[in-house]
2 protein chains.
Amino acid sequence: MSPPGRSRSPRGQGEQLREEILEAAQSLLMETASEDAVSIRAVADAVGVTPPSIYRHFADKDRLLLEVCRLSFERFTDVLEDAFREDHDPRRRIEGMGRAYVRYAVDNPEHYRIMFMARFELTTQEYAEEMVTDGSSFDLLLRTADELVTAGLVRPELADRGALTIGMLFWANVHGLASLLVAKPGLPWPDRDRLIDDLVTAATRGILLDPR
Amino acid sequence: MSPPGRSRSPRGQGEQLREEILEAAQSLLMETASEDAVSIRAVADAVGVTPPSIYRHFADKDRLLLEVCRLSFERFTDVLEDAFREDHDPRRRIEGMGRAYVRYAVDNPEHYRIMFMARFELTTQEYAEEMVTDGSSFDLLLRTADELVTAGLVRPELADRGALTIGMLFWANVHGLASLLVAKPGLPWPDRDRLIDDLVTAATRGILLDPR
DNA sequence: CTCGATAACGTAACGTCACTAACCATCGCG
DNA sequence: CGCGATGGTTAGTGACGTTACGTTATCGAG
């Protein structure tokens, strides 16, 4: 049982195994569509290595999953950034981002789960800092919310709440639909695409002034 | 180590232990505020019984947690039912239920997690039937949504979507805020109560016609 | 060209987990 | 009194995360 199918990395190239571990963890998460299947042991022999070797590169399992989570965030942010750039009108921009948001969640349910439903035994501090950094998806949201506020498109009752509140309201809307679709696929859902459209327009109508 | 602090139940009263197990599991979930802490072993010696005895009353751990989940749903439904009865005007009714919804989630984060974020290895069929039964919270939502539709309070572009879509839109709103508050307490949240109010009014403004 | 430090792994093992098989004691009924 | 169902037990299996420690190969200094 000794030949572990993998030869040892040269001196400075220990990082290479780290990347392979991350990729294997990600693949396992996607293919099995189950977080439980991503065990240290399963990841280890997907890479062709013994379990303790994982700990050479990650402090514990939560840190490994957190890195997978971070990668998911990067791809998620890329998708949102595309939607961000696609339209420069703030209203259509927030709507496009909302649609892209829910669609990403539906298309990558396991990634969405690990980003927004998983429980990590980390300080909230650590986690918040990870998310609210510049260029993050959260930052994109806040910038768009700020555009809406300064453009005077927000309903008067909400205008003095600040971009943070406006952004959170939009986020709550799309996250609500996204996470329900991911967590409760067995419910009697109506037509999905139309529901997404309806939710996004309802959100803008509830938060912003009527168009024109 | 043999005296397990608990005497055997008489003939027909095996159900009594079942109740104690459920209560212990619930208490463990609340006190430790961690789903991992609810292990079969921990529950067993909280009740004063050996682990295999649990399996006399529950097929496996998922079934036990599902029963805890069902109890959470009952209490959740009670809270929503109170809000339902408190106001008979459909608009104020849906708003009150929305506020009660988010508040319950904030006050009972672990219950909310297990209801809407936990992953059970059950068929979606089983789960859907459990939720969409008569008198459930989902039923309350649909009834209120139907009231709104038949009362002609829904915006014209959404009126022909049916009560199901209208209900889902409201649900997505409150669930979005609730689950974000539960899952990401470390974020720079604005004032919570005002945010809840803002979300609920934004939801009604987005879905319903303007009041008056 | 050697040689010790160190990077990059492996081996063995611990404690805990969910779960099962097999056994035993008690109760109620005939 | 016996006998089967009921409500537990003891003992054990395999998988899990994690740790302590051993092993090997490479790099740079002398």
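Every chain is numbered from 1 and lettered A, B, ... according to where its sequence line falls, protein lines coming before strand lines. None of the values given here were measured: they were computed from a predicted structure.
Residues satisfying the side chain to side chain contact (heavy atoms under 4.5 Å, CB included) criterion with A:P190, sequence neighbours excluded, are A:L195, B:L164, B:T165, B:M168. B:D191 pairs by the side-chain hydrogen bond (donor to acceptor under 3.5 Å, both in side chains) definition with nothing, not counting sequence neighbours. With sequence neighbours excluded, the residues that form a side-chain hydrogen bond (donor to acceptor under 3.5 Å, both in side chains) with B:R205 are A:E157. For B:R99, the salt bridge (Lys or Arg N to Asp or Glu O under 4.0 Å) test picks out B:D197, with sequence neighbours left out. Not counting sequence neighbours, the partners of B:E74 by the side-chain hydrogen bond (donor to acceptor under 3.5 Å, both in side chains) test are B:R70. Take B:E110 and apply the salt bridge (Lys or Arg N to Asp or Glu O under 4.0 Å) test, not counting sequence neighbours, and it matches A:R119. Residues passing the side chain to side chain contact (heavy atoms under 4.5 Å, CB included) test with A:E147 are A:F84, A:P90, A:R93, sequence neighbours excluded.
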So which protein nitrogen or oxygen atoms get under 3.5 Å of nucleotides 17-19 of chain C's nitrogens or oxygens?
| residue | atom | partner | partner atom | Å |
| --- | --- | --- | --- | --- |
| C:dA18 | OP1 | B:I40 | N | 3.1 |
| C:dA18 | OP1 | B:K61 | NZ | 3.0 |
| C:dA18 | OP2 | B:I40 | N | 3.1 |
| C:dA18 | N7 | B:R41 | NH1 | 2.7 |
| C:dC19 | OP2 | B:Y55 | OH | 3.0 |
| C:dC19 | OP2 | B:K61 | N | 2.8 |
| C:dC19 | O5' | B:Y55 | OH | 3.4 |

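For the pair A:L17 CG and C:dG10 P, the interatomic distance rounds to 8 Å; values are reported in whole Å. We find that NE2 of B:H57 is positioned 12 Å from P of D:dT6, with the value rounded to whole Å. Atom-to-atom, CD1 of A:I54 to P of D:dC16 comes out at 13 Å; the value is rounded to the nearest Å. Nucleotide D:dG7 holds its P atom 8 Å from the CD atom of B:E15, rounded to whole Å.
OP1 or OP2 of D:dT9 sits under 4.0 Å from a side-chain N or O of B:S53.
Using a cutoff of 4.0 Å between basic side-chain nitrogens and carboxylate oxygens, A:R63 and A:E67 are not scored as salt-bridged.
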*Whenever both distances are under 3.5 Å in a Watson-Crick or G-U wobble pair, mark it; put DNA chain C into dot-bracket that way, with [ ] for crossing pairs and | when the partner is on another strand.*
||||||||||||||||||||||||||||||
